[in-house]
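Scroll down for the structure; my scribbles are underneath it.
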Amino acid sequence: MNYRKRKSSHVVFLIALLFLGACTGQTKTKEGQPMSSDKLLPMEGGYNIRDLGGIETADGRCVKSGLIFRGDELGGLTAKDWEFLSEIPIVTVVDFRSNEEVEANPDNLPESVHNQVFLPISPGNLTMEDMSFLESPEFDGEQFMKDLNVELVSDSASIKQYREFFRLLQHEDCIPLIFHCTAGKDRTGMGAALYLSALGVDEESIFENYLESNKNLEKKYADLIADNPKLAGMMGVKREYLESGLNYIKSTYGSIENYLETVLDVDIALMRQMYL
């Protein structure tokens, strides 16, 4: 884990946050405006940056908005984008990318960020230079993605990183927090699914949130897919991908809640107190 401490500053920006929440009890910006609720944020330099709030739980409660965000790479964010995020203000950024991905496109962060935390997860790094494996007649892109999602929750190194991710989520000084990878769909997608599961969100809502990446990333990877059509299944998401990882958890540990508590050291009662 690598923390880069940044000096705090309180810069107030008059930003119109014109999003409607799906649930009541929204958190608000310093200007008293409601945050987005399970919506794509209006980023000029990002494709898949979303507030994980506003989602209803199975028992009828609501995930608070303006606290936890998921995203793709942040290196292309503009000054206007960071004015928006500073107004929240985002204080912690968790980066699941590999060292090579970070070096190729480092995050450009504002002074509102106090903690930049690197938790590299190898499964899910699809920034591959050698695409020769795609030419193999045995290669099955969909099976590759299913296996990847199982590895995210079974590989000991990945588990260690998700455990630290949840440790940060349970620390009030680290909130509001955004976690991301390169596309914001696999490593981040699993992180979001586990976070929402800890809060008691039903699986259908979790899959719905997961599948939004297809729409959001369409433009980002259009040229890459045009040049390499076999990548289409890998540059998007399908229900079966995430389902493979979640089914592995349930078959191995009995339930996702048990996995969260016994493997990732999640205090579910604390999480629900903080985020519902």
Side-chain angles (χ1 to χ4, degrees), residues 1 3-43 45-46 48-55 61-74 77-96 107-119 162 164-181 184 188-189 191-196 198-199 201 209 266-267 270-276:
M1 181 177 64
Y3 288 89
R4 294 180 185 173
K5 298 295 182 181
R6 293 175 177 265
K7 196 174 182 180
S8 175
S9 99
H10 298 283
V11 181
V12 178
F13 297 97
L14 300 178
I15 303 170
L17 304 175
L18 303 178
F19 291 103
L20 295 176
C23 303
T24 59
Q26 293 176 310
T27 55
K28 300 185 178 183
T29 68
K30 290 179 288 187
E31 296 302 311
Q33 298 161 326
M35 286 303 305
S36 64
S37 176
D38 190 26
K39 299 289 185 180
L40 185 68
L41 270 61
M43 300 287 102
N48 199 18
I49 302 176
R50 295 182 258 154
D51 187 343
L52 281 174
I55 302 174
R61 290 186 284 177
C62 181
V63 180
K64 292 179 182 176
S65 297
L67 297 180
I68 304 299
F69 300 80
R70 59 177 292 176
D72 57 333
E73 54 199 343
L74 307 181
L77 297 189
T78 66
K80 185 177 179 180
D81 293 338
W82 276 118
E83 286 181 357
F84 185 100
L85 296 175
S86 294
E87 176 63 16
I88 293 171
I90 297 293
V91 299
T92 299
V93 172
V94 174
D95 193 339
F96 290 141
D107 287 347
N108 178 27
L109 305 180
E111 290 187 354
S112 69
V113 175
H114 297 193
N115 305 310
Q116 186 177 12
V117 186
F118 294 100
L119 300 176
Y162 282 128
E164 176 61 18
F165 169 57
F166 273 96
R167 190 191 71 80
L168 295 168
L169 288 175
Q170 294 171 98
H171 199 300
E172 289 186 354
D173 290 345
C174 295
I175 310 303
L177 175 151
I178 183 169
F179 62 100
H180 78 98
C181 52
T188 295
L194 294 172
Y195 167 74
L196 294 174
L199 301 183
V201 174
N209 181 271
V266 178
D267 184 336
L270 174 62
M271 288 284 292
R272 296 181 182 184
Q273 178 183 332
M274 292 178 66
Y275 297 112
L276 297 180

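The model shown is predicted, which means the values in this text are computed figures rather than measured ones. Along the sequence shown, the residues carry numbers beginning at 1.
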Original post:
What's the verdict on side chain to side chain donor-acceptor pair (under 3.5 Å) for H180 and D107, showing C-alpha distance, side-chain angles and the deciding distance?
Top reply: CA-CA 10 Å; H180 78 98; D107 287 347; 2.7 Å; yes
Subject >> Separation between NZ of K64 and CE of M274, rounded to the nearest 0.5 Å >> reply: 8.5 Å
**OP:** Measure the spacing between CG of L41 and CZ of R70 and express it to the nearest 0.5 Å.
**Re:** 12.5 Å
Subject >> Donor-acceptor under 3.5 Å (S86 side chain, P89 main chain) >> reply: no
Subject >> Beyond-backbone contact of L177 with V94, side-chain heavy atoms, under 4.5 angstrom >> reply: yes
**OP:** Measure the CG-CD1 distance between D72 and I49 for me, rounded to the nearest 0.5 Å.
**Re:** 5.5 Å
Original post:
Under 3.5 Å, side chain of D81 to main-chain N/O of G45, donor-acceptor pair present?
Top reply: yes
Original post:
Could you give the distance from CG (L168) to CZ (F179), rounded to the nearest 0.5 Å?
Top reply: 12.0 Å
Original post:
N48: what forms a side-chain hydrogen bond (donor to acceptor under 3.5 Å, both in side chains) with it, not counting sequence neighbours?
Top reply: R50, S213, N216
Original post:
Do the side chains of F69 and I88 get nearer than 4.5 Å, heavy atoms only?
Top reply: yes
Original post:
Listed by chain and number, what are the ring-ring contact (aromatic ring centres under 6.0 Å, His included) partners of Y275, not counting sequence neighbours?
Top reply: Y195
Subject >> side-chain contact (heavy atoms from CB on, under 4.5 Å) involving N108 - partner list, sequence neighbours excluded >> reply: none
Original post:
Which value, rounded to the nearest 0.5 Å, describes the distance between I55 atom CD1 and L199 atom CG?
Top reply: 9.0 Å
Original post:
Is there side-chain contact between V201 and V63, with heavy atoms separated by less than 4.5 Å?
Top reply: yes
**OP:** Could you walk me through whether V117 and F165 pass the side-chain contact (heavy atoms from CB on, under 4.5 Å) test, one step at a time?
**Re:** CA-CA 9 Å; V117 186; F165 169 57; over 6 Å; no
Original post:
In Å and rounded to the nearest 0.5 Å, what is the CG to CE distance from L276 to M271?
Top reply: 9.0 Å
Original post:
Taking it one step at a time, do L119 and D95 satisfy side-chain contact (heavy atoms from CB on, under 4.5 Å)?
Top reply: CA-CA 6 Å; L119 300 176; D95 193 339; over 6 Å; no
Subject >> Y162-F96 aromatic ring centre distance below 6.0 Å >> reply: yes
Original post:
Do the side chains of V93 and L109 get nearer than 4.5 Å, heavy atoms only?
Top reply: yes
Original post:
Are K80 and E83 ion-paired here, with the side-chain N under 4.0 Å from a carboxylate O?
Top reply: no
Original post:
When L67 is tested against each of D51, I175, L169 for side chain to side chain contact (heavy atoms under 4.5 Å, CB included), which residue passes?
Top reply: I175
Original post:
Can you find a pair of side-chain heavy atoms, one from P176 and one from V91, that are under 4.5 Å apart?
Top reply: yes
Original post:
Are L85 and M43 side-chain neighbours, meaning at least one heavy-atom pair lies under 4.5 Å?
Top reply: yes
